[in-house]
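Notes to accompany the following structure.
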2 protein chains.
Amino acid sequence: MATGTVPPGRPRDEKVGAALKSAALRLVRERGYQNVPVAAILKEAGVARQSLYNRWNTKADLVMEAFFEDAGTRVAPPAAGQGRSGRDELERFLNEVFDHLAAEDGTLRSLIAAAQSDPEFCRMFRERFVLPREALAVAFLAEAQRLGELPAGRDPEIMAAFLHGAFWYRLLSGQPLGPELARAIAGGIFGP
Amino acid sequence: MATGTVPPGRPRDEKVGAALKSAALRLVRERGYQNVPVAAILKEAGVARQSLYNRWNTKADLVMEAFFEDAGTRVAPPAAGQGRSGRDELERFLNEVFDHLAAEDGTLRSLIAAAQSDPEFCRMFRERFVLPREALAVAFLAEAQRLGELPAGRDPEIMAAFLHGAFWYRLLSGQPLGPELARAIAGGIFGP
DNA sequence: GCATTTAGTAGACCATAGTCTATTTACCAG
DNA sequence: CTGGTAAATAGACTATGGTCTACTAAATGC
């Protein structure tokens with residue numbers, strides 16, 4: 001199997017990549033994506049420039065990996081039929097997501113921006129961030145439909161796009177994400 | 001009135017700004033936002049660097065103004081109660097918008113990206129692009145509601161956010177905008 | 001030990017957005 | 001005509017993302 005094969009040459013030092021990710025994450029959280037030059041990450045990680053570009057193509061690539069690796073599962077996904085109504089469950093979920101995004105303060109916006117000028121980055125962003133979250137939402141909506149909380153005629157896929165789109169739209173056009181929006185979205189999906 | 005007062009000093013040459021906007025628009029359409037250095041715009045316009053930064057703060061500012069000034073009214077806004085059903089009218093409108101965006105090939109994406117790192121630009125983008133379009137959609141949905149095509153309980157504001165959000169979301173996560181999406185969105189808003 | 005291969009380091013280098021300085025030009029008030 | 005003010009031009013300068021080159025270090029196979 002592939003695990004037995006060892007590539008020739010000096011092996012990568014795992015600590016180098018780890019130091020880069022951790023430095024990037026810390027600095028970006030402290031100062032914001034735009035205010036962290038690559039040089040600062042390198043200095044903080046104590047690593048040479050080339051070591052970054054051996055592993056990632058751009059600063060945005062590095063930050064995305066650091067960000068998503070860390071983000072792991074900070075927010076409990078919505079689950080239908082757990083005592084709460086689907087509507088309330090969706091509202092809870094959105095409020096948690098909004099809190100999380102507020103704490104990241106612009107990191108996600110920066111990454112979405114970076115994705116607009118780099119197709120490969122955009123693809124990765126979609127695979128690692130967009131699609132998993134969309135799948136969760138679709139599953140939740142389909143389950144709510146099965147439980148009769150949502151009219152059967154609705155298309156869960158497009159409802160999921162409405163859901164995510166509505167808050168991306170607010171986020172990217174510089175509007176605050178707050179409880180009112182969570183309530184409005186939940187109401188718009190499940191009916192008032 | 002204020003029109004009588006003339007500011008001191010040499011007056012701005014209207015041709016300079018016009019040349020910049022027209023050069024920016026043409027080059028960005030030809031080559032894409034990322035592939036047009038500021039120097040190229042300056043050379044094409046036959047104008048000095050400072051003349052650009054006298055008028056706009058960034059390249060994105062200039063391109064946005066050129067873009068929106070030109071975009072004017074390329075797409076007929078949706079109008080309820082004109083023979084077509086609200087659903088069909090919305091689908092038509094979305095298809096026109098998507099065609100227009102396809103022709104611009106990434107300009108809007110670039111501008112949204114630029115807005116993420118510049119609050120002032122973001123504000124202007126919101127005022128000059130987002131809000132007018134949102135207002136049109138809200139008016140259309142409210143009218144459809146008045147005509148009984150849309151249940152009275154729905155909130156036109158959040159429906160408009162769903163509508164725009166859904167295609168921003170697709171656009172920014174690198175998915176194609178096509179007739180299927182227009183149909184799905186129209187179906188999601190008006191019911192299948 | 002020696003050759004080969006790839007990782008890591010150091011630092012020069014390039015392209016580009018945006019700032020700053022010096023000089024000239026166009027308009028107004030007196 | 002002169003002085004003041006701001007626009008236009010030319011071009012140096014800075015900051016930064018990303019590339020390239022030269023050298024050193026750590027692994028493998030002989």
Side-chain angles (χ1 to χ4, degrees), chain A residues 2-21 23-24 27-28 31-64 66 110-111 113-121, chain B residues 2-21 23-24 27-28 31-65 110-111 113-121:
Chain A
T3 49
T5 74
V6 173
R10 175 175 175 174
R12 281 198 175 169
D13 182 346
E14 206 39 65
K15 286 193 296 293
V16 169
L20 281 167
K21 282 186 281 190
L27 290 176
V28 167
R31 309 186 201 167
Y33 182 87
Q34 295 294 329
N35 303 317
V36 180
V38 171
I41 300 179
L42 300 174
K43 190 178 172 191
E44 180 85 1
V47 146
R49 203 176 192 73
Q50 192 56 43
S51 297
L52 192 166
Y53 291 102
N54 278 345
R55 293 173 168 76
W56 295 279
N57 290 322
T58 64
K59 171 186 164 188
D61 269 327
L62 161 61
V63 173
M64 178 171 78
S110 304
L111 294 175
Q116 303 316 307
S117 55
D118 180 344
E120 177 54 24
F121 181 78
Chain B
T3 47
T5 74
V6 173
R10 177 174 174 174
R12 281 198 176 168
D13 182 347
E14 206 40 64
K15 287 193 295 293
V16 169
L20 280 167
K21 284 186 281 190
L27 290 176
V28 166
R31 309 187 199 165
Y33 183 87
Q34 295 295 328
N35 303 318
V36 179
V38 170
I41 300 178
L42 299 174
K43 190 178 172 193
E44 180 85 2
V47 147
R49 202 174 193 73
Q50 193 55 43
S51 298
L52 191 166
Y53 291 103
N54 277 344
R55 294 173 169 75
W56 296 279
N57 289 321
T58 63
K59 172 185 163 188
D61 269 327
L62 161 61
V63 173
M64 178 171 78
E65 185 157 336
S110 304
L111 294 175
Q116 304 316 308
S117 54
D118 180 344
E120 177 53 24
F121 181 78

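A note on names: the letters A, B, ... follow the listed sequences, proteins ahead of strands, and every chain is numbered from 1. As the structure is a computational prediction, the values presented were derived from the model and not from experiment.
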Exercise. Would you say the base of C/dT5 and the side-chain of A/Arg10 have a donor-acceptor pair closer than 3.5 Å?
Worked result: no
Seminar exercise, completed: By nearest-heavy-atom nucleotide on DNA chain D, the more 5' of A/Pro11 and B/Pro11 is B/Pro11
Problem set entry | Nearest atoms (heavy-atom pairs only) where A/Val63 meets A/Ala24 | CG2-CB, 4.4 Å
Exercise. Which nucleotide in the set C/dG8, D/dA26, D/dG17 lies at the smallest distance from any side-chain heavy atom of A/Arg12?
Worked result: C/dG8
For this session: Specify the closest pair of heavy atoms between A/Leu42 and A/Leu52, including all atoms of both residues, with the distance to one decimal.
Result: CD2-CD1, 3.8 Å
Exercise. To the nearest Å, how far apart are A/Asp13 CG and D/dT24 C1'?
Worked result: 15 Å
Exercise. Whole-Å distance between C/dA15 C1' and B/Arg31 CZ?
Worked result: 15 Å
Problem set entry | Closest approach of A/Asp13 to A/Arg55 (non-hydrogen atoms, all atoms of both residues) | O-NH2, 3.3 Å
For this session: Could you pull out the closest heavy-atom pair between B/Tyr53 and B/Thr58, with the gap in Å?
Result: CE2-CA, 4.3 Å
Problem set entry | Least distance between heavy atoms, A/Gly17 atom then A/Trp56 atom | O-CH2, 4.0 Å
Problem set entry | Contact residues, residues 49-65 of chain B to DNA chain C [heavy atom, < 4.0 Å] | B/Arg49, B/Gln50, B/Tyr53, B/Thr58, B/Lys59
Exercise. Can you check the B/Glu14 CD to D/dA7 P distance for me, whole Å?
Worked result: 13 Å
Exercise. Rounded to the nearest Å, what distance is computed from the NZ atom of residue B/Lys43 to the P atom of nucleotide D/dT9?
Worked result: 16 Å
Seminar exercise, completed: Looking only at heavy atoms, the pair that brings B/Leu27 and B/Ala40 closest together is CD1-O, 3.7 Å
For this session: Return the 5'-most residue of the pair B/Val38, A/Pro8 with respect to DNA chain C, ranking by each residue's nearest nucleotide.
Result: A/Pro8
